[in-house]
Amino acid sequence: MTPANYITLSRIALIPLFMWAMLSTAPYSEIVALLIFVVASVTDAVDGYIARRFHQVTNLGKFIDPLADKLLVTSALLMFVQNGQISSVPAMIIITRELMITSLRMVAVAAGRVIAAGWEGKVKTCVQIVCIAFLLTGQGGAAIFGATGFRWDDMVVWLMTAVTAWSGAAYLYKHKDVLRKDNERH
């Protein structure tokens, strides 16, 4: 186990604490949830930097790092849905994208190919983190365009959903050949 892997595992370990803070009615629990989410999100950049800088890239790291990202984002989405902050529709779109690309990567690996994270996925992750952090501040309840009923929270959720769907479509398009080829090792 490398230091980078321990940092990634700490991100996973923070998820139950984050969820507890999201569900808590204790004073300042919203601030605690936001701080935990921000710390967990920062570990994503730190573990990657350490792994590359000190040549500590491992297969375990390649497995748990994207898993930790998906678990953190999914836990936030589920908490928002449970708390009535967002609809289950954008949450399902985002979770579906994550499962779809993970499945695509599994098919590619079975065919002897690795699909590395592209810039689209990095943009998606950054947008998700920023949007979730904004939602955690609780400052998005003001209406946009007057009394339309469309709030800043809604705009942030649909922005995150659109960027996530776009990145998924871009991955599928870029790697469509993986899905077209049959495994010839039958």
Tabulate below the donor-acceptor pairs under 3.5 Å that side-chain atoms of residues 24-38 make, not counting sequence neighbours, or state none.
from, atom 1, to, atom 2, distance (Å)
Ser24, OG, Ala26, N, 2.9
Ser29, OG, Ser24, O, 3.1
Ser29, OG, Ala26, O, 3.0

Legend entry - Nearest heavy atoms of Ser10 and Thr43, plus distance in Å: OG-CG2, 4.1 Å
Legend entry - Considering all heavy atoms, the nearest Gly168-Ile101 contact: O-CD1, 3.7 Å
Inset, instruction - Evaluate the side-chain proximity of Val73 to Lys124: yes if any heavy-atom separation is below 4.5 Å, no if none is. - result: no
Inset, instruction - Indicate, with yes or no, if Ile93 and Val157 share a hydrophobic cluster defined by side-chain heavy-atom contacts under 4.5 Å among Ile, Leu, Val, Met, Phe, Trp and Tyr. - result: yes
Legend entry - Backbone of Gly48 reached by a side-chain donor or acceptor of Arg52 within 3.5 Å: yes
Legend entry - Beyond-backbone contact of Phe80 with Leu136, side-chain heavy atoms, under 4.5 angstrom: yes
Inset, instruction - Show your reasoning for whether side-chain contact (heavy atoms from CB on, under 4.5 Å) applies to Val163 and Gln128. - result: CA-CA 8 Å; Val163 170; Gln128 286 177 339; over 6 Å; no
Inset, instruction - Identify the heavy atoms of Leu77 and Ile95 that sit nearest to each other, and give their distance. - result: CD1-CG1, 4.3 Å
Legend entry - Listed partners of Ser103 passing side chain to side chain contact (heavy atoms under 4.5 Å, CB included), at least two apart: none
Inset, instruction - Quick one: closest heavy-atom pair of Arg97 and Gly121, and the distance? - result: NH2-CA, 4.3 Å
Inset, instruction - Look at the side-chain heavy atoms of Ile, Leu, Val, Met, Phe, Trp and Tyr, link any pair under 4.5 Å apart, and say whether Met92 and Leu172 land in one connected group. - result: no
Legend entry - Same apolar cluster: Leu159 and Trp119, side chain cutoff 4.5 Å: yes
Legend entry - Verdict with reasoning, Asp153 to Phe134, per side-chain contact (heavy atoms from CB on, under 4.5 Å): CA-CA 8 Å; Asp153 280 355; Phe134 175 78; 3.7 Å; yes
Legend entry - Over 12 non-hydrogen atoms of neighbours within 6.0 angstrom of CH2 in Trp166: yes
Inset, instruction - Return each pair, listed once, that meets salt bridge (Lys or Arg N to Asp or Glu O under 4.0 Å) where at least one residue sits in residues 9-26; pairs must be two or more places apart or across chains. - result: Arg11-Asp44, Arg11-Asp47, Arg11-Asp65, Arg11-Asp69
Legend entry - Sequence-distant partners of Met79, side chain to side chain contact (heavy atoms under 4.5 Å, CB included), two or more places apart: Met19, Met22, Leu23, Gln82
Inset, instruction - Only counting residues at least two apart or in another chain, list the ones meeting salt bridge (Lys or Arg N to Asp or Glu O under 4.0 Å) with Glu120. - result: Lys174
Legend entry - Transitive ILVMFWY side-chain link Met106 to Tyr171, under 4.5 Å: no
Legend entry - side chain to side chain contact (heavy atoms under 4.5 Å, CB included) partner of Thr161, the single match among Val89, Val127, Ile94: Ile94
Legend entry - Side chain to side chain, Asn59 and Lys62, heavy atoms closer than 4.5 Å: yes
Inset, instruction - Considering non-hydrogen atoms only, spot the tightest contact between Thr164 and Ser167 and give its length. - result: O-OG, 2.9 Å
Legend entry - Side-chain donor-acceptor contact under 3.5 Å, Arg113 with His175: yes
Inset, instruction - Start with the C-alpha gap between Thr102 and Arg105, add the side-chain angles, then the distance that decides, and say whether side-chain contact (heavy atoms from CB on, under 4.5 Å) holds. - result: CA-CA 5 Å; Thr102 298; Arg105 285 192 167 119; 5.6 Å; no
Legend entry - Residue Met100 excluded, over 12 heavy atoms near CE under 6.0 Å: yes
Legend entry - Pairwise distance CD(Glu98) to CG(Leu71) - rounded to 0.5 angstrom: 10.5 Å
Inset, instruction - Is it possible for you to say whether Phe63 and Met1 belong to one hydrophobic cluster, with membership spreading through side-chain heavy-atom contacts below 4.5 Å? - result: yes
Legend entry - Side-chain heavy-atom pair Gln56, Pro3 within 4.5 angstrom cut-off: yes
Legend entry - Within-4.5 Å side-chain heavy-atom neighbours: Cys126 and Lys122: no
Inset, instruction - Over all heavy atoms of both residues, which pair between Ile12 and Pro16 is shortest? Give the atoms and the distance, please. - result: O-CD, 3.4 Å
Inset, instruction - Kindly compute the distance separating CD1 (Ile7) from CD1 (Ile50), expressed to the nearest 0.5 Å. - result: 3.5 Å
Legend entry - Side-chain touch Leu72/Ser41, heavy atoms, less than 4.5 angstrom: yes
Legend entry - Straight-line distance of Thr8 OG1 to Leu67 CG, nearest 0.5 Å: 10.0 Å
Legend entry - By side chain to side chain contact (heavy atoms under 4.5 Å, CB included) - contacts of Val81 (at least two apart): Ile86, Ser88, Ala91
